[in-house]
Amino acid sequence: MTLKTRFPPSPTGFLHVGGARTALFNWLIARGAGGKFILRIEDTDQARNVPEGTEKIIRDLKWLGLDWDEGPDVGGPHGSYLQSQRLDIYAQHVHKLLEAGWAYHALETPQQLDELRKQAQAQKRTFRYLRPDPLPTAGEAEAARQAGKAVVVRFKCPDESVSVNDEVFGQVEIAADELDDFVIQKADGYPTYHLANVVDDALMGVNFILRGQEFLGQSWRHIVLRRALGYEQPRYAHLPLIMDMQGKKLSKREADIGVYSFRKAGFLPEALVNFIALLGWSPGDNREKFTLAELCELFDVSNIGKSNAKFDRDKLLAFNTAACAAAGPERLLSSFKDYLSLNETPIPADDEGLLCQILAITKGFRTFADIRAKCGVLFESDNTFDYDPKAVKKVLAKNDGAGFAVLAELRRMLARCDWQGEALEACISDYCQTKELPMGKVAQPIRVAVTGRTLSPGIIDTLMILGRDKTLARIDRCLQLPR
RNA sequence: GGCCCCGUCGUCUAGUCAGGUCCAGGACACAGGGUUUUCAACCCUGCAACACGGGUUCAAAUCCCGUCGGGGUCACCA
């Protein structure tokens, strides 16, 4: 049977690393087996949907390198892939369940239920919804609705235990007394997650469901619903959760764990993907660097672990550093341009030749933000960039202004020097030799003079990028600094 | 609190299902050293874990029980 998986986010914000991993694993399962992968937007919570939510999710998934065979943007034979546009389908299913006696109208208000929950808590009891006896009739429900009261539809749970056959956690048994009649249709007529999710998966032919562990204990609802609806059971697998370094659940509200924020911070998507893939999964050996294509080959649900993982940014950084070092020039250029387009920087984003040059001379960078930090000042105005007082003091002013003296002499030599890499190199090292100074005593004063700091690419590369005029202008400005 | 799940270096993990090859391997981080015109990168070395307590066994990280710890879930959110 062809495997069909899906990623069903709700458009309540943006894609974060947890969701990205779930999407990735589902994509990997489908692609690795020649199956299908679909994207479905679960926007049944009118209060929580955010504008652009769907667009942002699509944007972030694409950036990661994922694609889908069916989805809101690409269509497909089972559309719409926006749940808000499938309300009639859910209504039909609810109707069918009502007709068959699998569901009934319930008239309690949210306030009443809250009250009951509070009571239960006060008595240290677990609250469980008690099925009314007798059940409200269709007539009573209609009357209540006419009177403006909230009417929901609840599923009539069978009085027997349900077991989930999970491919990660194994057989998980939920006792009959843990089940209660859950809501399948809200008062606003929208389906709840459980109903819409189950109906869509069945109608869309999804036969492998991999999702976060937070759903494991609720899977019984889906199983029971499918039974009542006469749909086959899919395969289930639940993923352990991703926690922050304090061991707390990654908050969906924290923007800094959003896929987009890593993009904006100058990470490469392949590094994020590689890193995320190793959170809760391992190929079973010591290998840990993979391309998406290699992951497709290797990924297997049986190698998913059971314990939660912490999101270690240091390791991600290391992966990104390695990915940057491994990436080819065109790959780096396009990603770097993307980074620049997302951030305000003084680096001229439209000069590809220059960008390539910057990329080439800034070897060893960890993220594109490093390049900006290192090279940005080269493109600021010659007379407005800041001089770091500490750098000036340490490199130029110390020892009676030895650094300044070196700088003044070098300024004269540089003014006459042919502005080519080799010539500059020769010029500076000649100076070092005649003065019997180590390179550091010479390069550093120049560096501070032309960048204001002790941080820049190699000194020759720095001077080449600046050009003679800017270099001399900056040295002159530096020489004017109060001593 | 009820129920469910999990527990190997600080972190991600290999090894656990089929007990011996594990005085536990790799990677990140960290520490020390090297290279070096800065930062970074790079190279070398080192530090560091089977949660605890009982069993079973000739033998346990691996099997069983208990304890402790962590997480999830108990919505008209998904």
Side-chain angles (χ1 to χ4, degrees), chain A residues 8-10 12 42-45 47-48 106 108-110 113-114 117 120-121 123-128 150-154 164 166 168-170 172-175 177-178 180 182-188 190-194 196-197 211-218 238 240-241 243 245 247-249 252 275 278-289 302 305-319 321-322 324-325 362-366 370 373-374 391 395 428-429 432 438-448 451 453-460 462:
Chain A
S10 54
T12 53
E42 308 218 326
D43 53 348
T44 55
D45 186 349
R48 292 211 315 162
E108 294 82 3
T109 65
L113 292 171
D114 267 355
R117 279 192 197 94
Q121 202 181 11
Q123 297 165 25
K124 295 196 188 289
R125 270 183 16 244
T126 302
F127 171 75
R128 209 145 265 132
V151 178
V152 302
V153 178
R154 283 180 185 267
V164 187
D166 187 277
V168 170
F169 290 99
V172 179
E173 195 88 7
I174 315 292
D177 61 4
E178 291 294 318
D180 67 359
F182 54 96
V183 174
I184 56 176
Q185 187 178 66
K186 310 177 212 175
D188 64 5
Y190 274 61
T192 58
Y193 156 74
H194 302 292
N197 184 272
R211 78 239 289 198
Q213 199 187 357
E214 67 267 32
F215 295 108
L216 178 55
Q218 307 191 66
H238 289 83
L241 272 14
M243 321 299 274
M245 284 307 275
K248 295 293 163 203
K249 195 177 175 183
K252 299 183 181 186
F275 176 70
L278 259 13
L279 254 29
W281 174 83
S282 132
D285 56 26
N286 285 335
R287 244 189 107 189
E288 57 174 16
K289 293 295 163 60
S302 67
K306 296 181 182 178
S307 45
N308 294 342
K310 292 188 177 125
F311 190 81
D312 183 354
R313 286 161 189 278
D314 286 334
K315 185 145 183 171
L316 203 211
L317 231 206
F319 271 56
T321 308
C324 287
T362 324
K363 288 278 181 247
F365 62 91
R366 314 206 70 180
D370 286 352
K374 217 169 186 175
V395 176
I428 292 176
S429 56
C432 288
M439 192 56 144
K441 290 286 181 204
V442 177
Q444 282 300 77
I446 304 178
R447 176 170 283 116
V448 173
T451 67
R453 300 164 304 167
T454 54
L455 180 69
S456 88
I459 197 64
I460 304 298
T462 302

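Here the structure is a predicted model, which means the values were calculated and not measured.
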task: Look at the side chain of A/Q218 against the base of B/rA75 and say whether a donor-acceptor pair falls under 3.5 Å; ignore hydrogens and angles.
output: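 Result: no qualifying N/O pair found.
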message: Using only modelled atom types and a 3.5 angstrom limit, is any donor from either the side chain of A/K306 or the base of B/rC5 paired with an acceptor on the other?
response: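 Such a pair does not exist between side chain and base.
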For [N] and [X] - does any side-chain N or O of the residue sit under 4.0 Å from the phosphate oxygens OP1/OP2?
X: A/R128; N: B/rU73; result: no
X: A/R453; N: B/rC39; result: no
X: A/R447; N: B/rC39; result: no
X: A/T44; N: B/rA78; result: yes
X: A/Q121; N: B/rG1; result: no
X: A/K248; N: B/rG71; result: yes

Any side-chain heavy-atom pair from [X] and [Y] closer than 4.5 angstrom?
X: A/H194; Y: A/V183; value: no
X: A/V164; Y: A/F169; value: no
X: A/L216; Y: A/D166; value: yes
X: A/Q213; Y: A/N308; value: yes
X: A/V168; Y: A/H238; value: no
X: A/V442; Y: A/I459; value: no
X: A/P457; Y: A/K374; value: yes
X: A/M245; Y: A/R313; value: no

field: From B/rC76, B/rC39, B/rC74, nucleotide with atom closest to A/L455 side chain
entry: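 Comparing B/rC76, B/rC39, B/rC74 against the side chain of A/L455, the answer is B/rC39.
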message: Using the side-chain heavy atoms of A/F127, tell me which of these nucleotides is nearest: B/rC5, B/rA78, B/rA75.
response: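 So the side chain of A/F127 is nearest to B/rA75.
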Need one value for [X]: base, sugar-phosphate or nothing, where a base atom within 4.0 Å counts as base even if backbone is also close, heavy atoms only.
X: A/R125; value: nothing
X: A/R154; value: sugar-phosphate
X: A/P457; value: base
X: A/A373; value: nothing
X: A/D45; value: sugar-phosphate
X: A/V152; value: base
X: A/G364; value: base
X: A/T321; value: sugar-phosphate
X: A/E108; value: base

field: 5' precedence on RNA chain B between A/N197 and A/F169 (nearest-nucleotide basis)
entry: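 Nearer the 5' end of the strand: A/F169.
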query: Between A/E178 and A/M439, which has a closest nucleotide on RNA chain B that is more 5'?
result: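 So the residue in question is A/E178.
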Mind checking who [N] pairs with, Watson-Crick or G-U wobble, both distances under 3.5 Å?
N: B/rC39; answer: none
N: B/rC17; answer: none
N: B/rC63; answer: B/rG55
N: B/rG69; answer: B/rC6
N: B/rA31; answer: B/rU45

In whole Å, measure the gap between the [atom1] atoms of [N] and [M] for me.
N: B/rU21; M: B/rA27; atom1: C1'; answer: 23 Å
N: B/rC64; M: B/rU16; atom1: C1'; answer: 14 Å
N: B/rC52; M: B/rC9; atom1: P; answer: 10 Å
N: B/rA29; M: B/rU36; atom1: P; answer: 23 Å
N: B/rA49; M: B/rG15; atom1: C1'; answer: 13 Å
N: B/rC77; M: B/rC50; atom1: C1'; answer: 40 Å
N: B/rU8; M: B/rU62; atom1: C1'; answer: 11 Å
N: B/rG26; M: B/rA14; atom1: P; answer: 15 Å

Nearest whole Å is fine: how far is [N] [atom2] from [X] [atom1]?
X: A/Y193; N: B/rC74; atom1: OH; atom2: P; value: 11 Å
X: A/I459; N: B/rC39; atom1: CD1; atom2: C1'; value: 12 Å
X: A/Q123; N: B/rG2; atom1: CD; atom2: C1'; value: 15 Å
X: A/L241; N: B/rG71; atom1: CG; atom2: P; value: 11 Å
X: A/K363; N: B/rU36; atom1: NZ; atom2: C1'; value: 17 Å
X: A/R211; N: B/rC77; atom1: CZ; atom2: C1'; value: 14 Å
X: A/H194; N: B/rU73; atom1: NE2; atom2: P; value: 12 Å
X: A/R48; N: B/rC77; atom1: CZ; atom2: P; value: 9 Å

message: Taking side-chain contact (heavy atoms from CB on, under 4.5 Å) as the definition, give me every residue that meets it alongside A/E288, ordered by chain and number, with sequence neighbours left out.
response: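 A/E288: side-chain contact (heavy atoms from CB on, under 4.5 Å) contacts with A/L278, A/K315, A/F319.
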message: Within this structure, what is the OG1-CD distance for the pair A/T126 and A/E178, rounded to the nearest 0.5 Å?
response: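 Reported to 0.5 Å precision, the distance equals 7.0 Å.
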message: How long is the straight-line distance from CZ of A/R211 back to CG of A/N197, given to the nearest 0.5 Å?
response: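 Reported value, rounded in 0.5 Å steps: 6.0 Å.
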message: For a quick check, with a 4.0 angstrom heavy-atom cut-off, what is the B/S/- contact string for nucleotides 12-33 of chain B, read 5' to 3'?
response: BSS----------BBBSS----
